[in-house]
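Every number for a ligand or one of its atoms is a count from 1 in the order of the listing.
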Amino acid sequence: MARQQAIVESSVPKDQQSRVWDAFRRWGYLQANLDPLGDLQPVDLPELDVQGAEADAARRIYCGSVGAEFMHIPDPERRRWIEERMESEAPETDRAQNQKRILDALVHADIFEQVLQTRYLGTKRYSLEGETALLPLLDAILNAASEHDAQQAVLAMSHRGRLNVMVHVVGRPAAEVFARFEDVDPRSVLGGGDVKYHMGATGEYAAANGRKVEIHLVSNPSHLEAVDPVAIGRARAKQTRIGAGGEPAIVPIVMHGDAAFAGQGVWAETLNMAGVEGFSVGGSVHIIVNNLIGFTTVPRESHSSRFSSDLSRRMPIPIFHVNAEDPEAVARVGRIALEYRYAFASPVVVDLIGYRKHGHSEVDDPTITQPLRYRKIQAHQPLWQIYAGKIGEDAAPIVERVRQELDAAQKEAEELEKNPPMRKLPEYWDAYCGGRYQSSHAVETGVAAEELTASGEAIARYPDGFHIHPKVKKLLEQRLEMARGKRPIDFGMAEALAFGTLLKQGTPVRLSGQDSKRGTFNQRHAALIDIENESEFIPLQHVAPKQAWFEVFNSTLSEASVLGFEYGFSRDFPEALVLWEAQFGDFANGAQIIIDQFVVAGEDKWNLLSGVVLLLPHGYEGQGPEHSSARIERFLQLAARDNIQICQPSTAAQYFHLLRRQAMRVWRKPLIVFTPKSMLRTPASSSALADLSAPRFLPVIPDRGDGSATRVLLCTGKIGHELEAERKRRKDDSTAIIFLEQMYPFPESALAAEMDRHANAREFVWVQEEPANMGALAFMAPRLERLAHGKPVLSVKRSASASPATGSHKAHEMEQKTLLTLAFANPTAK
Ligand SMILES: Cc1ncc(C[n+]2csc(CCOP(=O)(O)OP(=O)(O)O)c2C)c(N)n1
């Protein structure tokens, strides 16, 4: 490509010329003409205060409608690549045709919004007007992607322009969108569903070259940016499904608002995963649909830097700012961005700077807060008119055609009785179901002893010549003994056996979390490390010659983005067991948005299922306020209509069956598991090999006694073992202890049967380690009362507390002792 730089004939010495070019490459974007309304003033810079032929040429390129930030990228090859693209002439090929395509897209975008505005006055649609160049941008990106044989683009975006994108990019018929404005089928979504500008959609984009690119627009909650990791996780799952060649085939495109990009952190957490093993997607394209406003908040109130994108400069990736009123420059940037993604498997950011024609939504009046800017906006012509004038085209016939199309679509929508589905689920979902739990979903999860031994032996093996750490060697020797029934199975081994047996059955397994390879509590050792060369060996990848894939990854230190990613992965890999592990369950609240908005509500809002598993270490062991509680109470409060499963297995065998059940059922529901810490090693929670051959997970573990007890303690998790030890110490034979292993869906009949078996019971006592305002108490109390047939239901718990646990180990022990004493001697009245 002939660089424009080369055309500069000058008497100025070469080194001086190159200094000039270097200055513009580095700083030119600060003087680029990026804002259609001119509010973003150029920055005065001595470096660019130069004149002459070189300066003119460089200024034309770097201070025009495109501002490229790329000199922070350390790799010279990447910088050179961008320089070449920026400094070469835009290709002339098919210019007229491209212009027609651009004009067509701009007219479609604008007229669509106008029709919605006139037909459905007073409803929110979050118009794209002022940023309609987004359509030519996406067109350029998808055209270029199709030339790279992309099969599919995973799109994520929030409210702004979403309806427009659904129709003009995803390819949904306009009638479907109109039908939602008509609200033709309210009964189908009573108490559930979601607003129209959050719905996911699938379709096809017809690229200019005639190829088709499938589009999956990800369902999105109001919480801005929360969808980012979900989209990337979905892309990774789709790429994994394809295998080699998956990264080029699936392109993630994530759109952001400027205020959201500047203010929220989850996109940064997500971008940070771009180059991390297990999480990369071969580069994602990020578009900031930058209207220089967020609701009523202006940029200087939104961020401390010039551009909303500035924090993304911490990554070695390019940022292209582009004036949304120069649609040809926009399309060019779209192509460069996409080509860069393919050239370097890198993320890339496009900052599309335009304006917002109306208020935040169409029912807001922006002249109250930005009177001057909106005076300008109201006087400003729509882009299609400006562009038609610029290229000398008469747009009237296109406008007329688009109006007619939309009129017809609106009539069609009025006739509809039901909301048409905007998407088609991929066929890999055909075998799975959601909804309420049915007994027909039950599966047997037991595994024959010989099979367990064979899998267990494989898990304990490593290659000849592998320099194993002596501590790990010992652990593997113990695992071998466990596999051969010579030592009780602990939680770590139970998990490995659950994975190993599932892998042999053909179920892939993916686990990620902070330090998950070794395990926070030194319990997993899923990846063995050679102490001479730090090479890695993953035994679960070698359980059988024909097995499903197994992946385990240490994740970045983020909860929101990693859980979001794994949730996304589970959305496109229902046949895999996908697990996310919190370091301690306490930290899961860093992912609360993902939990609230996707994991627990995704089915209700969007009818989309997930079988993602959350492993949340939980238990009161004197480790302080932030290492004790995974907040059982919160998950129970989020549970309704069988949306999630909430379990706390108290033995290794129960954990084994629970994990296998999750993978083997056709019922796809998120599973929250409160996992052990000290219980990882206590003999009371270990199991005999034969327990793993038992038919299934028990939601309720009955008391081992004959049913004659006069007091019945009910509990979940570790405290149950402590109660059993206390009962033994006291030689108490009048107290029964029932373990509730599954809290939700509430195992009513199993628990009722066990409570009824204790006909002599004078009282039932719920015992928990958590304070009165936490744990399962509030959830259990009314349910136990229902099952107690009028007998008293009491409770033992820590006093209500603002923070989950004490920071003093001694205080913890005193409290724990008191709980046990109260449970047996003097339960508090409820
Ligand atoms: C996490 C979160 N906080 C607050 C809101 C409320 N809210 C909705 S849109 C919006 C402004 C968004 O501005 P911007 O990101 O620039 O996008 P725009 O609407 O301008 O396209 C706010 C604050 C939200 N949806 N999500």
Hey, does His159 come in under 3.5 Å of ligand 1, counting only N/O atoms on both sides?
yes
Report yes if some heavy atom in the side chain of Asn323 is under 4.5 Å from a heavy atom in the side chain of Pro36; otherwise report no.
yes
Any side-chain heavy atom of Asn33 within less than 4.5 Å of one from Asp326?
no
Parallel, tilted or perpendicular: rings of Tyr120 and Phe181 (30°, 60°)
parallel
Proximal atoms of ligand 1 relative to Asn291 (non-hydrogen, under 4.0 Å)
18 (P), 20 (O), 21 (O)
Shortest protein heavy-atom distance from atom 11 (C) of ligand 1, along with the residue and atom involved
Phe295 N, 3.6 Å
Any idea which of Ala259, Ser158, Gly130, Ala226 brings a heavy atom closest to atom 14 (P) of ligand 1?
Ala259
Ignoring angles and geometry beyond distance, decide whether Ser222 reaches within less than 3.5 Å of ligand 1 through its nitrogen or oxygen atoms.
yes
Using the ring of each side chain (for Trp, its six-membered ring), is Phe587 parallel, tilted or perpendicular to Phe584, with breaks at 30° and 60°?
perpendicular
Nearest protein heavy atom to atom 21 (O) of ligand 1, by residue and atom, and its distance?
Arg160 NE, 2.9 Å
If only atom types and distance count, is the side chain of Arg162 paired as donor or acceptor with the main-chain N or O of Met199 below 3.5 Å?
yes
For atom 26 (N) of ligand 1, closest protein heavy-atom neighbour
Leu224 N, 3.2 Å
Closest protein heavy atom (residue, atom, distance) for atom 9 (S) of ligand 1
His360 CE1, 3.1 Å
Is there a heavy atom in Gln264 that sits closer than 4.0 Å to ligand 1?
yes
Counting non-hydrogen protein atoms only, what is the nearest one to atom 13 (O) of ligand 1? Give residue, atom name and distance.
Gly294 CA, 3.2 Å
Hey, is atom 24 (C) of ligand 1 under 4.0 Å from any protein heavy atom?
yes
Using a distance threshold of 4.0 Å (strictly less than), state whether atom 4 (C) of ligand 1 has a protein heavy-atom neighbour.
no
Are side-chain heavy atoms of Phe279 and Thr270 found at a separation under 4.5 Å?
no
For atom 17 (O) of ligand 1, find the nearest protein heavy atom and state the residue, atom name and distance (0.1 Å precision).
Gly257 CA, 3.6 Å
Just so I know, are the side chains of Pro804 and Arg631 near enough to count as touching, which here means a heavy-atom distance under 4.5 Å?
yes
Identify the closest protein heavy atom to atom 15 (O) of ligand 1: which residue and atom is it, and at what distance?
Ala260 N, 2.8 Å
Is there a donor-acceptor contact under 3.5 Å linking the side chains of Ser512 and Ser555?
no
Lys124 NZ/CZ over Tyr197 ring centroid, <6.0 Å and within 45° of normal
no
Expected output: side-chain Gln41 to main-chain Gly38 donor-acceptor under 3.5 Å:
yes
Heavy atom of Asp258 under 4.0 Å from ligand 1?
yes
Would you kindly specify which portion of Asn290 sits under 4.0 Å from ligand 1, judged on non-hydrogen atoms: side chain, backbone, both or neither?
neither
